[in-house]
Amino acid sequence: MKLLALAVALATGSAAAATSWNMATPYADGEFHTQNIKQFIDDVNKATDGEIDITLHSGASLYKAPEIFKAVRSNQVQLGELLVSSLGNDDPVFQVDTLPFLATNYDDAKKLWAASKPYITEALKEKGAILLYTTPWPGQNFYTKEPLNSADDLKGKKMRAYNAMTSGIAAQLDAAPTTIEVSDIPQAFSTGQIDAMITSSATGASSQAWDFVNNYTRVNAWLPKNMIFINERTWRRLDEATQQAILDAAAAAEARGWEMSAEKNAASEQILAENGMNVADANEALTEALTEVGHNMADEWTQAAGEDGAAILEAYRSSK
Ligand code: PCA
């Protein structure tokens, strides 16, 4: 009996000494991406009988966005969340995720993801991280003080950028880009650092854009994705059953995240309107001018991304 009690105590002891991991995201607690991650963390914990215990550090509280990848790669935190395109300076393949006017709705975004996933998974692995899942933000739309009737209205505007591609778009529109983290948007507007931005309804609502701008113009220029990834060495050390449990939770999170994104888009646009913002579709002239910008940027990108880039675009186009 005593031996059995000891065995039980040891087993309980080992459960108490669960593997503790840390995870960093730039996005706030209330963000739907973050809520999805919390569910993923719970699922992983349950599926591994409490063995894997992940502590989430949200809102850039542990690392700011530009530091998160390095922190995961060096195993200072084991998991991270970032925009796919945030690694675009290291490898252009990551920029496919924010090419303007390539995929402007959820169906197309899914097809673009199917076409680019093998390349992005591989590029991430080369950098020392394993991709677990991705979830899209809603379509990217303009926030301006005055109604946006033509691309010329953006000339000279101080536009917020969040990656190389958004800086490039601003530059092509003769606007002046400034890179601002999502958590700093309200301050950037109130101090006059920016007077316009392109982002989702979700981010506009969570940063209370109506305090600074009155017009939300839908162009759905792209649906950028967040990727959730884990340090490669940490991953390799796991047994197969644990890896599978995490992959199953990740697959569920990905499916859930795409649904949440669409729901969040509808709800957030309603919040923008309720707070007095003028919610409108882009007119034809604006759409045409932006489509041209999109073509230019896709051409530039294809040159930078070489054969892989061409293969992704071909796979995407033939899946449409
Ligand atoms: N929100 C994030 C990325 C895209 C989005 O919709 C941001 O604005 O930084």
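Residue numbers count from 1 along this sequence. Both counts, for ligands and for their atoms, begin at 1 and track the order of listing.
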| query | Is it true that Asp107 and Lys110 make a salt bridge, defined as a side-chain N closer than 4.0 Å to a carboxylate O? | reply |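 Answer for the salt bridge query: no.
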| message | Could you check whether Lys145 pairs with Asp195 (Lys NZ or Arg NE/NH1/NH2 to Asp/Glu carboxylate O, under 4.0 Å)? | response |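 Between Asp195 and Lys145 there is no salt bridge, as every charged N stays at least 4.0 Å from the carboxylate O atoms.
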| query | Are any of the N or O atoms of Ser200 closer than 3.5 Å to those of ligand 1? | reply |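 Yes: some nitrogen or oxygen of Ser200 is under 3.5 Å from one in ligand 1.
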| query | What do you reckon, does Trp137 have a nitrogen or oxygen under 3.5 Å from a nitrogen or oxygen of ligand 1? | reply |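 N/O-N/O distance under 3.5 Å: no.
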| After noting the C-alpha distance and the side-chain angles of Ile37 and Tyr27, does the key distance pass the side chain to side chain contact (heavy atoms under 4.5 Å, CB included) rule? | CA-CA 11 Å; Ile37 289 176; Tyr27 303 106; over 6 Å; no
| task | Could you pull out all residues at least two apart from Asn214 that satisfy side-chain contact (heavy atoms from CB on, under 4.5 Å)? | result |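 Partners of Asn214 under the side-chain contact (heavy atoms from CB on, under 4.5 Å) test: none.
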| Under-4.0 Å heavy-atom contact with ligand 1, by part of Pro224 that carries it | side chain
| query | Is the shortest distance from a heavy atom of Ala202 to ligand 1 less than 4.0 Å? | reply | no
| said: With a cutoff of 4.0 Å, is Gln140 in contact with ligand 1, counting heavy atoms of the residue only? | reply: yes
| note | In Gln78, Glu51, Arg237, the residue satisfying side-chain hydrogen bond (donor to acceptor under 3.5 Å, both in side chains) with Thr19 is Glu51
| field | salt bridge (charged side-chain N to carboxylate O under 4.0 Å, His left out) contacts touching residues 170-185 (sequence neighbours left out) | value |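 Of all non-adjacent pairs touching residues 170-185, none passes salt bridge (charged side-chain N to carboxylate O under 4.0 Å, His left out).
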| note | Nearest heavy atom to atom 9 (O) of ligand 1, choosing from Arg160, Glu181, Lys225, belongs to Arg160
| Residue and atom name of the nearest protein heavy atom (relative to atom 1 (N) of ligand 1), distance in Å to one decimal | Thr203 OG1, 2.7 Å
| query | Of all the non-hydrogen atoms in the protein, which one sits nearest to atom 5 (C) of ligand 1, and at what distance? | reply |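 Going by distance alone, atom 5 (C) of ligand 1 is nearest to Thr199 OG1, 3.2 Å.
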